[in-house]
Amino acid sequence: DAMVIQNPRYQVTQFGKPVTLSCSQTLNHNVMYWYQQKSSQAPKLLFHYYDKDFNNEADTPDNFQSRRPNTSFCFLDIRSPGLGDAAMYLCATSRDAGRVSQYFGPGTRLLVL
Amino acid sequence: AQSVTQPDIHITVSEGASLELRCNYSYGATPYLFWYVQSPGQGLQLLLKYFSGDTLVQGIKGFEAEFKRSQSSFNLRKPSVHWSDAAEYFCAVGAWGGDDKIIFGKGTRLHILP
């Protein structure tokens, strides 16, 4: 089945230690998104790629970076995680921009010690 | 800018009872609207969407939603809930005209009484 896959499902890191979260998709969608979701809150868009074009949200901290080496994969890099970065990180894809649905992966729960 | 309001943070219903979750949106043009469901520790699953046409849309798991332009609402309904419906429900709105992001409401947590 076509799907959005996130690895790992749970990630523990130390304060200030760089961490990378991974997302892959078999849907061949053009757009990939990264969301941050803190407990009992709505998902918050960090950035997205339309193909290779990177679109950063204005309020996304510089501590968060992303890479998309090919259509299938997208990575979220947190350069120096703080305690406030502990959250669920959701990857989503959509076929195109605009009036289309987004399909979400199961998420990666990040714990910062 | 578009926004979404889900006025109920928590809703509790008995198993077998009917359900309605409220969603109001704010957007100057015709929106496109979604309902997603999230089980604990999981990602979001698309229940249904409205882009245009028939204002009553059917989704998965027996859910439906009705778009009412005059009330700026897109309420989610189910005639008879099951214990497995306990989850967080998010309404979301997207902009017509090429913006490639959607805005989520803060969610409604549904509790089911046996």
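Only this structure's heavy atoms are used, side chains among them; waters, hydrogens and symmetry mates stay out. The structure displayed is predicted, hence computed values, not measured ones. Within every chain, numbering begins at 1; the chains are lettered A, B, ... in the order of the sequence lines, protein sequences first and strands thereafter.
The local environment of CG in A/D62 is sparse, with at most 12 non-hydrogen atoms from other residues, nucleotides or ligands closer than 6.0 Å. Counting heavy-atom neighbours within 6.0 Å of A/F54 CZ, excluding the residue itself, gives a total above 12. Residue-environment remark: NZ (B/K78) exceeds the threshold of 12 foreign heavy atoms within 6.0 Å. Around atom NZ of A/K44, more than 12 heavy atoms belonging to other residues, nucleotides or ligands sit under 6.0 Å away.
B/F63 is connected to B/V93 through a chain of hydrophobic side-chain contacts under 4.5 Å among Ile, Leu, Val, Met, Phe, Trp and Tyr, so both are in one cluster. By the criterion of side-chain heavy atoms lying less than 4.5 angstrom apart, applied directly or through intervening Ile, Leu, Val, Met, Phe, Trp or Tyr residues, A/L83 is grouped together with A/F64 in one hydrophobic cluster. Follow the hydrophobic side-chain contacts under 4.5 Å out from A/F75 and you never reach A/W34; the two are in separate clusters. Side-chain heavy atoms closer than 4.5 Å link hydrophobic residues (I, L, V, M, F, W, Y) into clusters, and following such links, possibly through other members, connects B/F74 to B/L110. Under the 4.5 Å side-chain contact rule for hydrophobic residues, A/Y10 and A/Y35 do not share a cluster.
For the residue pair A/A42 and B/G105, the shortest heavy atom distance occurs at CB-O, 2.9 Å.
Panel note: side chain B/Y36, backbone A/Q102; a donor-acceptor pair is recorded below 3.5 Å.
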For B/Q42 and A/M88, run side-chain contact (heavy atoms from CB on, under 4.5 Å): C-alpha distance rounded to whole Å, both residues' side-chain angles, the deciding distance at 0.1 Å, then the answer.
CA-CA 9 Å; B/Q42 300 297 315; A/M88 174 77 90; over 6 Å; no

Does A/Q37 form a side-chain contact (heavy atoms from CB on, under 4.5 Å) with B/F90? I'd like the steps, not just the answer.
CA-CA 12 Å; A/Q37 185 182 26; B/F90 291 95; 3.4 Å; yes

Step by step, work out the side-chain contact (heavy atoms from CB on, under 4.5 Å) result for B/Y32 and A/S101.
CA-CA 10 Å; B/Y32 56 100; A/S101 304; over 6 Å; no

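In this structure, no portion of B/Q6 lies under 4.5 Å from any heavy atom of chain A. In this structure, the portion of A/E57 lying under 4.5 Å from any heavy atom of chain B is its side chain and not its backbone. With a 4.5 angstrom heavy-atom cutoff, B/L44 touches chain A via backbone and side-chain atoms both.
Note that CD of B/E88 is 6.5 Å distant from OG of A/S40, once rounded to the nearest 0.5 Å. Between the CD1 atom in B/I102 and the CG atom in A/L45 there is a gap of 9.0 Å [rounded to 0.5 Å].
Near-neighbour residues of residues 104-113 of chain A relative to chain B, defined by a heavy atom under 4.5 Å from a heavy atom of that chain, comprise A/F104, A/G105, A/P106.
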